[in-house]
Q: 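Before I ask anything, let me first share the structure, which is written out below as structure tokens.
Numbering of ligands and ligand atoms starts at 1, following listing order.
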Amino acid sequence: MCGIFAYTGESRESGRLIVNGLRSLEYRGYDSWGVALKKNNGQIYLKKAVGKIGQAILPDTNSSIGFGHTRWATHGGVTEKNSHPHHDCQKKIFVVHNGIVENFAHIKNVLSKSGHHFISDTDTEIIAHLIEQKLKKQKSRSQAVLKTFNQITGMNALIVFFPDYEEFYAIKNGSPIVFGKNKKEKIIASDASAIIPYTKKVYFLEDNELLIVTGKEEKLIDKQNKNGTIRYLNLSYDKQDVEVGSYPNFMFKEISEQPKVLRDIINTQRGNLGKTSQIIRKARGSYLIGCGTAYYAAISGSYLFAKIAKRHIDATIGSEFGYLTDFLTEKSLVIALSQSGETIDTISGIKKAREKKAKIMAITNVLGSTLYRISDYRILLQAGPEKCVLATKSFTAKIAVLYLLSHCLNGSYDQGVNQIKKAIGETERLIKSTQIKELANRLKNSQHIYVLGRGVSYPTALESALKIKEVSYIHAEGFASGELKHGVIALIKKGTPVIVYNPTDETYKDTLSSAYEMKARGAYIIGIAEKNSPVFDEFIQVNDCQEAVIIPNVVVAQLLGYYLAVSKGYDPDKPRNLAKSVTVK
Ligand code: G6P
């Protein structure tokens with residue numbers, strides 16, 4: 001959460017470039033933003049504002065170095081004074097920060113007694129003052145930054161800017177920091193997608209390394225306080241992949257990209273999935289973990305492995321997994337699902353599993369992410385950057401990978417590929433159809449929408465409800481249709497919309513009965529099925545593709561959520577209070 005972007009280079013418009021960089025990172029948080037530049041006449045320019053960056057344009061500042069931050073508030077309300085960058089008493093040390101300084105109250109108290117004056121309510125501000133305090137005793141800026149970083153507790157990523165020396169110091173022990181350079185300029189950012197307009201060659205900082213960047217050079221001080229080597233990686237996507245292009249927004253772009261992403265998976269992943277499935281075969285006790293949409297992919301995986309591969313693999317929420325690690329052994333396998341590879345609740349669970357010597361397998365979309373680096377085995381989704389806060393293409397990519405892994409274990413890989421091809425066809429048809437848009441117009445004033453499914457369609461119902469509620473702000477709840485009569489039916493009134501996933505599988509008859517029970521209480525039934533039924537008030541056809549039906553079924557809910565949001569005038573890319581990458585607890 002929070003986006004960081006620092007620039008030094010030949011341009012005299014660093015302000016404009018930093019604002020552009022922050023705009024591309026706004027999916028990480030967009031409560032407020034700020035920029036600190038050193039102008040080429042030596043003066044400092046500091047700008048802070050509440051709200052999204054939108055079309056903000058900075059005045060002509062004639063500057064070639066500076067940095068900025070887009071905030072998702074944790075400590076201190078959403079106000080101008082709490083926006084980053086923060087600075088020391090002398091305005092010589094500026095800091096942008098992502099994370100939580102857990103011991104900030106104590107440090108602030110001590111620094112206040114030493115005469116430091118604080119402007120904001122944030123934890124971040126103490127970092128600038130603590131460096132200032134340390135520099136009173138020792139001259140080395142790098143050692144002052146390192147000692148400060150070692151003194152603060154919690155998971156933090158930060159850049160310190162010394163305008164007088166035109167130097168950046170970047171360090172982290174949680175959230176990502178990425179560095180990239182071309183012949184004319186250097187960038188440090190929270191995400192490689194903000195660097196790709198400049199270069200594809202990037203370096204992902206390791207925890208507790210210090211990166212020092214000036215116009216002339218860059219230097220790495222490793223965890224042992226020795227000179228380290230910057231080892232660059234090549235990004236696998238291009239500049240246009242992080243731009244919205246001719247689409248109205250990123251959400252629709254990413255929904256529309258799903259057929260291509262799925263085709264890429266079936267065309268390129270065979271070898272890797274074959275090998276990886278053998279790791280799963282050999283493990284004694286495997287667990288799928290993830291948060292949000294990734295958790296719903298994990299539950300889907302649990303059903304797929306049970307049904308197709310006849311393997312029992314539990315699914316657990318990332319933030320809960322740490323409480324379940326007592327039974328792990330060195331033979332256990334933890335399969336962590338995470339689009340970003342940075343979700344702190346997933347990473348913390350993984351770290352606990354590591355303590356038990358369990359093996360870790362990452363299924364992630366981000367090369368070089370924390371999860372990618374700390375895992376023993378890796379499957380890269382290669383779905384391209386996902387910028388909309390809502391996960392869409394990363395979900396269906398995960399489903400395709402889990403489905404194909406199950407088929408690998410069952411020795412029926414080609415059968416799996418054939419079903420995914422059918423799922424792609426269904427997805428393409430749904431994206432082109434106008435039916436879901438028209439339905440959204442009719443449902444947009446609903447207060448509640450319920451979604452039900454059984455078997456593999458149960459996690460589909462959960463994910464569908466999440467898609468609808470997080471973007472349209474309509475209360476939506478997914479549940480196993482068998483649970484209907486154990487509570488939820490009490491909420492059904494005349495006209496309550498209920499989405500029923502009713503594929504032609506072993507759940508067909510029972511789910512249909514549930515639909516009738518709700519219809520008898522006045523519900524408006526939206527059936528998503530291969531076959532129409534008199535119980536459906538609205539019928540959205542999704543043709544059979546065995547368990548791969550999860551893919552087009554969830555696409556229906558992605559489109560419904562999208563059109564509901566658009567019809568209500570909401571920004572589908574940045575729903576209120578949500579951030580794409582949750583890197584704080
Ligand atoms: C946030 C996002 C969700 C996402 C979840 C897990 O809550 O808003 O869309 O599903 O994090 O993210 P991950 O990157 O770990 O898949």
Q: Just so I know, are the side chains of Leu404 and Ile266 near enough to count as touching, which here means a heavy-atom distance under 4.5 Å?
A: yes
Q: Does this structure show an ion pair linking Glu206 with Arg373, if we count only N-O contacts that are shorter than 4.0 Å?
A: yes
Q: Quick one: look up the protein heavy atom nearest atom 16 (O) of ligand 1 and list residue, atom name and how far away it is.
A: Gln339 N, 2.7 Å
Q: What is the closest protein heavy atom to atom 2 (C) of ligand 1, and at what distance does it sit?
A: Lys580 O, 3.4 Å
Q: Tell me: protein heavy atom nearest atom 7 (O) of ligand 1, and distance?
A: Val582 CG2, 3.9 Å
Q: Who's the nearest protein heavy-atom neighbour of atom 8 (O) of ligand 1, and how far?
A: Ala579 O, 3.1 Å
Q: For atom 3 (C) of ligand 1, what is the nearest protein heavy atom, given as residue, atom name and distance?
A: Val389 O, 4.2 Å
Q: Examine ligand 1 and decide if any of its atoms is less than 4.0 Å from a heavy atom belonging to Lys398.
A: yes
Q: Assess the pair Tyr473 and Tyr570: is the distance between their ring centroids shorter than 6.0 Å?
A: yes
Q: May I ask you to check whether Tyr562 and Phe252 place their ring centers less than 6.0 Å from one another?
A: yes
Q: Which of the numbered atoms in ligand 1 are under 4.0 angstrom from any heavy atom belonging to Ala391?
A: 9 (O)
Q: Can you find a side-chain donor-acceptor pair between Gln258 and Thr427 that sits under 3.5 Å?
A: no
Q: If the cut-off is 4.0 Å to any non-hydrogen atom of Ser338, which atoms of ligand 1 fall inside it?
A: 13 (P), 14 (O), 15 (O), 16 (O)
Q: Which atoms of ligand 1 sit under 4.0 Å from any heavy atom of Ser340?
A: 13 (P), 14 (O), 15 (O)
Q: Looking only at protein heavy atoms, which one is nearest to atom 12 (O) of ligand 1, and what is the separation?
A: Thr343 OG1, 3.3 Å
Q: Distance to 0.1 Å, residue and atom name: give those for the protein heavy atom nearest to atom 10 (O) of ligand 1.
A: Thr293 N, 3.1 Å
Q: Just to confirm my output: which protein heavy-atom neighbour is closest to atom 6 (C) of ligand 1, and how far is it?
A: Cys291 O, 3.2 Å
Q: Going through the distances and angles, do Gln419 and Val549 end up as a side chain to side chain contact (heavy atoms under 4.5 Å, CB included)?
A: CA-CA 8 Å; Gln419 296 305 323; Val549 77; over 6 Å; no
